[in-house]
Amino acid sequence: MTSGSETDRLALATPEDQHTAADWEKATAAVLRKAGRLSESDADADVWNKLTRTTLDGIAVAPIGTSAATADLPATGVPGAAPFTRGRLAEKPEIGWDVRAHFSGLAAKDVNEAALLDLENGVNSLWLHVGGVLAPAELGTALKGVFLDLAPVTLDAPEDPIAAATAFVALLGELDVTPAEGTNLGADPIGAQVRGEGAISLDVVDAVAELAKQAGTLGVVVDGSAIHDQGASDAQELGYSLAVGVTYLRRLVAAGFSLEEALGLIEFRYAATAEQFPTIAKFRAARRLWARVAELSGAEAAAGGQRQHAVTSRPMMAKYDPYVNMLRTTVAAFAAGVGGAEAITVLPFDAPLGQPSVLGRRNARNTSALLISESHIAKVVDPAGGSYAVEKLTDDLAQAGWAEFTRIEEAGGIAAALEDGSLLGRVEAVVEAREAEIARRKRPLTGVSEFPNLAEVLPERPANPDADEVRRYGASFEALRDEPATGTVFLATLGPVAAHTARATFASNLFAAGGIGVDVAGATDGVDALVAAYAGQPVVCLAGADKTYAEWGAAAAEALRAAGARHIILAGKPGEKTVEPSLVDDACSVGVDALTFLTTTRAHLAGEGADA
């Protein structure tokens, strides 16, 4: 939005289409007043406060971007030049971005079969978990037939990264192959500790970096998704990645590498979520921050470009209604691509269930193919650049990420911050805040906390013994679904279908999110009809319109109590205009703490409630 004089100068709209900020505020205020979110006494300008949301990092995100919000922001430069906010490369590669497939928990022959299939059908590079099921000595079998001079390979070997790197470099020698650009031996000992693989041993960085130098590959990965998988916010992931990257830089320089050599050995991995604009901003902010680290370290400006690999977020995925994961990962991949990630891994929709199926892998690789070849997302470098909203969010995230990095450094560095628990303590605070929003369904999870299918039969997948432990956002709801409730709730629908359907649907979906089924009374015309449909269920939920509640809701509650109901719930808010609070034991409406409500309801169904 611009001022009138700016709009006149730019001539981007005809006179009748030119509007001021006050015009927008007036029109928006009218909508909010109609919806009851703004009173007549509130000023039109109050719409900004009403519609501004706050992220888990405390960043205020306005409903629309304005030129005023970006007036004082630092210059973002141009693609391919410091501070690299707009991209490490000046132009998009011909392939758009590197489509990278992930393989974990598979035997060598199975890895080989799946990898060749993926490479033949659109994947550009491979990301292999080595150790566990796939031993380092089996890399030759796993990569048989793979053109290692064309397809980059990134290793992920938290148990023994030196053995994996040594075996891979030996394989390159046996085949007399120059590895493809972007190949990475993948040392990340700090990430391994965060994932619970043991204590930090920075000796790994020295040894693997030497092997990488000999082989002409990258050697180190800074995996920000390791802390993301523990529940960290975007700014915490950024701060963590800077702290880990700085630690590796210091180690490499101390081992004799020049600063520019050390910078050239590192690739960063970040999680991409279905929160589209924060993800776009995170990848842009990460490049800016790393360029600042390089600058303060005394490196040449050109050496500060950050290589970025995006992986769709594991915590955002769900095992229930897993097909929704395809929607989540599509948005995440889109955002990562727009944000400038050079390589993107879309995790298969069925990964939370175990080892992905052939269909899951196909859909995962085709997600990138559709975005690149049909949606043409990769045709433009930094397509979000210049957007007031994105530029403002990028700057805010960069500031918050640098503040987190500073806290870690003040604690003595990443090793000290992990040892004293200060970093993970801050992550835990974010987890609690997110969980509170999920519990109240302010952060809806489709198929889990919203619109669950209680009758669904989950597809069966073999277990993945090497899968990383993650804190899935819907884990608390999934835990309830894992153990179906004892018995069902009698949904006492008051009045005709048109009168009770809204609250009956709300209540049914809420109960289903906790693994609780309902028996619906159907259309009723009075207390006698309602009681006649009642079959003795210990928990009853009244569902009707306010008018019906006022007319015979109290009588219905008393009659059902007399007929044997031990725990009565009201769909809606108790009060003078509905049903007196003393006549019901609980209530459910928009904003209720769903997890507490569902846990309490399940206890009463099992006969464990206070009034059982």
Side-chain angles (χ1 to χ4, degrees), residues 435-442 444 448-452 454 476-477 479-481 483-495 499-521 524 527 530-531 533-612:
E435 284 293 310
E437 292 183 1
I438 291 172
R440 294 186 178 279
R441 304 199 295 179
K442 291 183 177 180
V448 182
S449 67
E450 301 279 356
F451 311 112
L454 197 55
S476 298
F477 282 96
L480 295 177
R481 292 279 295 281
E483 298 293 336
T486 304
T488 55
V489 169
F490 177 62
L491 195 59
T493 45
L494 280 63
H500 67 238
T501 188
R503 279 187 171 137
T505 300
F506 172 85
S508 296
N509 282 328
L510 176 57
F511 287 127
I516 303 170
V518 296
D519 299 315
V520 185
T524 57
V527 174
L530 196 61
V531 173
Y534 177 59
Q537 296 90 336
V539 178
V540 168
C541 179
L542 303 178
D546 284 354
K547 181 179 178 181
T548 313
Y549 284 157
E551 291 175 354
W552 53 286
E558 292 173 346
L560 289 167
R561 183 93 64 185
R566 298 197 303 267
H567 188 71
I568 296 181
I569 300 166
L570 182 72
K573 295 182 179 180
E576 294 180 2
K577 295 182 179 180
T578 55
V579 178
E580 286 293 331
S582 61
L583 296 178
V584 297
D585 303 298
D586 206 346
C588 59
S589 58
V590 175
V592 68
D593 184 332
L595 282 174
T596 299
F597 170 80
L598 292 169
T599 301
T600 300
T601 302
R602 288 168 62 98
H604 284 284
L605 282 172
E608 300 169 359
D611 56 356

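Looking at Arg481, its side chain never comes within 3.5 Å of a backbone N or O of Pro452 through a donor-acceptor pair. For Tyr549 (side chain) and Lys577 (main-chain N/O), no donor-acceptor pair under 3.5 Å exists by modelled atom type. At distances below 3.5 Å, not a single donor-acceptor pair connects side-chain atoms of Arg441 with backbone N or O atoms of Glu450.
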task: Starting from the C-alpha separation in whole Å, work towards a yes-or-no answer on side-chain contact (heavy atoms from CB on, under 4.5 Å) for Leu595 and Leu480.
output: CA-CA 9 Å; Leu595 282 174; Leu480 295 177; 4.0 Å; yes
task: Using the side-chain contact (heavy atoms from CB on, under 4.5 Å) rule, take Ile568 and Leu583 through it: C-alpha gap first, then chi angles, then the decisive distance, then the call.
output: CA-CA 8 Å; Ile568 296 181; Leu583 296 178; over 6 Å; no
message: Assess the residue pair Thr488 and Phe511 against the criterion (side-chain contact (heavy atoms from CB on, under 4.5 Å)); give the C-alpha distance rounded to whole Å, side-chain angles, the decisive distance to 0.1 Å, and a yes or no.
response: CA-CA 9 Å; Thr488 55; Phe511 287 127; over 6 Å; no
- request: In sequence, state the C-alpha distance, the side-chain angles, and the governing distance for Arg561 and Asp585, and then conclude on side-chain contact (heavy atoms from CB on, under 4.5 Å).
  value: CA-CA 11 Å; Arg561 183 93 64 185; Asp585 303 298; 2.8 Å; yes
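The minimum heavy-atom distance linking Val590 with Phe506 is given by the pair N-CZ, 3.8 Å. The two residues Ala556 and Val527 come nearest to each other via the heavy atoms N-CG2, 3.9 Å. Minimum heavy-atom separation, Pro574 to Val584: CG-CG2, 4.2 Å. Between Gly572 and Ala587 the shortest heavy-atom distance is O-CB, 3.5 Å. Counting all heavy atoms, side chain and backbone alike, Leu605 lies closest to Ala485 at CD1-CB, 4.1 Å. Taking all atoms of both residues into account, the shortest heavy-atom contact from Leu510 to Ala594 is CD1-CB, 3.7 Å.
Here the side chains of Leu494 and His500 are not in contact, with every heavy-atom distance at 4.5 Å or above. Between Gln537 and Val489 the shortest side-chain heavy-atom distance does not fall below 4.5 Å.
Annotation: the span from Leu491 atom CG to Thr505 atom OG1 amounts to 9.0 Å, rounded to 0.5 Å. Remark: Cys541 SG to Arg503 CZ distance equals 10.0 Å, nearest 0.5 Å. Note that NZ of Lys547 is 15.5 Å distant from OG1 of Thr578, once rounded to the nearest 0.5 Å. For the atom pair CG of Leu542 and OG1 of Thr548, the computed distance is 11.5 Å after rounding to the nearest 0.5 Å. Between Asn509 atom CG and Phe451 atom CZ the span is 6.5 Å, to the nearest 0.5 Å. Here Thr524 contributes atom OG1 and Tyr534 contributes atom OH; the two are 15.5 Å apart, rounded to the nearest 0.5 Å.
A salt bridge does not link Lys573 to Asp546: none of the charged side-chain nitrogens sits closer than 4.0 Å to a carboxylate oxygen.
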